[in-house]
Structure formats: C-alpha cells, structure tokens
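Notes follow the structure.
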Amino acid sequence: MKIQESEIIELMSSEKTREKGVRQMMDAYQSRLYWHIRRIVVDHELAQDTLQDSFIKAYQNFHQFKQDSQLYTWLYRIATNEALQQLKKAKRMQKSDEETDHHLQNLVADNVSAEAEEIQVLLQKAIHSLPEKQKLVFSMRYYDDLPYEEISKILDMSVGTLKTNYHYAKQKVEDYIKANYTE
C-alpha cells in the first residue's frame, strides 16, 4: 500500500494528473472508508453519499494534506467528520427508533443463522447506543483494527483517552449483549 499511496500523492499533487490520482485513491480506499462510514451512519445510501462527499472534500482540499501522516489517515479523518456531520443532520431530523432498528436489521446477512443474526443485531444496537466518542473509538479498534496511534491522529485525542474510551465502550457493549441476549 505504501508504493500505491506515494503514487497517489504524486498524481494528486499535479493538476495534469489529479483526476487519475482521484480514481486511484477511490479504488484504493473506497471499500475501507465505506465500511467505516457505514458503521457510523448505519444506512447504506447515506453511507454512499457520505463516502462521495468525503472524496469530493479530499479532492478539493488536497492542497491542505501536509503528508505528516499517511494519506489513509487523512482520508479517514475526513470521512469520520463527514459521517459525524450526517449524524448531526439526522438527529435534527429525529429519525424514529423504528427506522434505526430496521436499518440495523438490514445489516445482517440473509444466510446467517438466527442465533448469529440475533447476536449481530444486538452488537449493532449496543454500538449504536454508545456515546459518540466511544462509538467511534470502538468501531475503529474493533472493526478496522487500527492502532491507537492512528486513531489518535484521526480523532485528535490522546492515546490514553482513546484507551479509556475503548475500555468503557467494550464493557458497555458486553453488558448490553448479556442483558439483552435470549438463548
């Protein structure tokens, strides 16, 4: 990925090759960023829109990329901010709990056993019930397996704070699943 990342940065840095760079950047990162966004906003279509907005913002603001972090870290931060803005919009519109439950149910694959489906839905509900910072930290660690140092750069938080947020989030998720799982 390092070679590809440096190639993308080089292409994005020149007006003549910027469009080719954007295509390569999207090819390289869209899947990982989509699933990160999807875990935050839950809805597929909203995640797709947010992903597009993230790439547009990256394209428009590439001149601000200082290369003091990896390109992916910078994109991850843009995607996180865009997803959080979408959540704020959604909160203003006050989506009903029924809609949220419907979206969470749709996240589970059709061919999964009923028990596994119930646990997956409980996990998603547990994560969705976490405070915003804990939800972000938990998703980045649990799903994306990002090191605390990367998350620190993305969320602009200290590693110690992140570890504390992850610990509390993990405990809340475990407690939620234990309290709501029916065998």
Side-chain angles (χ1 to χ4, degrees), residues 1-2 4-6 8-9 25-26 28-44 46-58 60-62 64-92 95 100 103-104 107-108 119-181:
M1 180 77 57
K2 289 284 187 205
Q4 189 174 13
E5 185 170 289
S6 62
I8 292 169
I9 292 169
M25 181 172 62
M26 290 173 72
Y29 301 114
Q30 71 182 3
S31 179
R32 288 171 66 195
L33 290 174
Y34 167 80
W35 286 108
H36 168 64
I37 294 167
R38 175 77 183 259
R39 284 188 288 277
I40 296 171
V41 301
V42 180
D43 180 73
H44 166 71
L46 186 56
Q48 288 282 36
D49 291 344
T50 304
L51 179 64
Q52 285 182 336
D53 291 344
S54 299
F55 279 123
I56 290 168
K57 207 161 238 173
Q60 292 172 337
N61 297 299
F62 190 77
Q64 294 178 345
F65 177 56
K66 295 177 176 61
Q67 298 185 34
D68 56 355
S69 66
Q70 292 182 345
L71 178 61
Y72 180 69
T73 303
W74 184 70
L75 292 170
Y76 212 99
R77 187 172 198 156
I78 291 171
T80 300
N81 289 337
E82 288 296 308
L84 290 174
Q85 285 180 356
Q86 289 295 341
L87 280 182
K88 287 177 186 174
K89 287 179 192 175
K91 283 181 183 176
R92 281 186 242 135
K95 280 189 172 185
T100 302
H103 293 303
L104 290 172
L107 289 176
V108 180
I119 292 170
Q120 184 65 22
V121 169
L122 278 174
L123 174 63
Q124 293 303 317
K125 285 182 179 182
I127 294 168
H128 193 69
S129 72
L130 293 172
E132 209 59 56
K133 284 182 182 177
Q134 289 178 10
K135 186 187 312 182
L136 283 170
V137 173
F138 185 84
S139 291
M140 289 179 190
R141 270 304 277 174
Y142 182 78
Y143 289 112
D144 299 328
D145 199 28
L146 289 175
Y148 287 113
E149 292 74 20
E150 285 293 307
I151 300 171
S152 174
K153 291 176 186 174
I154 292 165
L155 297 179
D156 198 25
M157 298 169 102
S158 73
V159 171
T161 301
L162 292 172
K163 287 180 178 180
T164 301
N165 274 295
Y166 182 74
H167 172 76
Y168 285 125
K170 191 172 98 174
Q171 190 61 53
K172 287 177 185 177
V173 167
E174 287 176 12
D175 292 347
Y176 185 95
I177 291 172
K178 286 176 186 173
N180 293 286
Y181 181 65

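Throughout, residue positions are numbered sequentially from 1 according to the sequence presented.
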Next on the checklist: Measuring only between side-chain heavy atoms, which start at C-beta, is Leu71 closer than 4.5 Å to Tyr29?
Outcome noted: yes

Next on the checklist: Would the distance check show the side chain of Arg141 and the main-chain N or O of Tyr166 forming a donor-acceptor pair, the cut-off being under 3.5 Å?
Outcome noted: no

Checklist entry - Taking it one step at a time, do Leu155 and Met140 satisfy side-chain contact (heavy atoms from CB on, under 4.5 Å)? => result CA-CA 10 Å; Leu155 297 179; Met140 289 179 190; 3.8 Å; yes

Next on the checklist: If only side-chain N and O atoms count, and only distance matters, is there a donor-acceptor pair under 3.5 Å linking Tyr176 with Gln171?
Outcome noted: no

Checklist entry - Roughly how far apart are Phe55 CZ and Gln52 CD, rounded to 0.5 Å? => result 10.0 Å

Item to check | Step-by-step side-chain contact (heavy atoms from CB on, under 4.5 Å) determination, Asp53 to Gln86 | outcome: CA-CA 10 Å; Asp53 291 344; Gln86 289 295 341; 3.8 Å; yes

Next on the checklist: Is the shortest side-chain heavy-atom distance between Phe62 and Trp74 below 4.5 Å?
Outcome noted: yes

Checklist entry - Tyr34 and His44: aromatic ring centres closer than 6.0 Å? => result yes

Next on the checklist: Side chains of Leu146 and Ile154, heavy atoms from C-beta outward: is any pair under 4.5 Å?
Outcome noted: yes

Next on the checklist: I'd like to know if the side chain of Thr161 pairs up with that of Thr164 as donor and acceptor (distance under 3.5 Å, no hydrogens or angles considered).
Outcome noted: no

Next on the checklist: Take a 6.0 Å sphere around NZ of Lys57 and say whether it holds more than 12 heavy atoms from other residues, nucleotides or ligands.
Outcome noted: no

Checklist outcome for this item: Output for pair (Gln30 CD, Ile37 CD1), nearest 0.5 Å, gives 10.5 Å

Next on the checklist: Are the side chains of Ser54 and Leu75 in contact, using a 4.5 Å heavy-atom criterion?
Outcome noted: no

Item to check | Closest contact, heavy atoms only, Ala126 versus Ser129 | outcome: O-OG, 2.7 Å

Checklist entry - Do other residues, nucleotides or ligands put more than 12 heavy atoms under 6.0 Å from Tyr142 OH? => result no

Checklist entry - Does some side-chain heavy atom of Tyr72 sit less than 4.5 Å from a side-chain heavy atom of Glu150? => result no

Checklist entry - When rounded to the nearest 0.5 angstrom, what is the spacing between CG in Asn180 and NZ in Lys125? => result 8.0 Å

Checklist entry - Where is the tightest heavy-atom contact between Ala28 and Ile8, given as atom of each residue plus distance? => result CB-CD1, 4.0 Å

Item to check | Nearest atoms (heavy-atom pairs only) where Thr50 meets Ala83 | outcome: CG2-N, 3.6 Å

Checklist entry - Between Thr80 and His36, does any side-chain donor sit less than 3.5 Å from a side-chain acceptor? => result yes

Checklist entry - When you look at Asn165 and Met157, which way does the side-chain contact (heavy atoms from CB on, under 4.5 Å) test go after all the steps? => result CA-CA 10 Å; Asn165 274 295; Met157 298 169 102; 3.7 Å; yes

Item to check | Heavy-atom side-chain proximity of Gln134 to Lys172 below 4.5 angstrom | outcome: yes

Checklist outcome for this item: Distance col, row Leu46:CG vs Gln48:CD, nearest 0.5 angstrom, shows 10.5 Å

Checklist entry - How long is the gap from CD on Gln70 to CD1 on Ile9, to the nearest 0.5 Å? => result 9.0 Å

Item to check | Student check: side-chain heavy atoms of Arg77 and Asp156 closer than 4.5 Å | outcome: yes

Next on the checklist: Quick one, Arg39 and Ser139 - any side-chain contact, counting heavy atoms below 4.5 Å?
Outcome noted: yes

Checklist outcome for this item: What one should report as the nearest heavy-atom pair of Ser152 and Val159 is CB-CG2, 4.1 Å

Checklist entry - How many angstroms lie between atom CG of Leu84 and atom CD of Glu82, to the nearest 0.5 angstrom? => result 9.5 Å

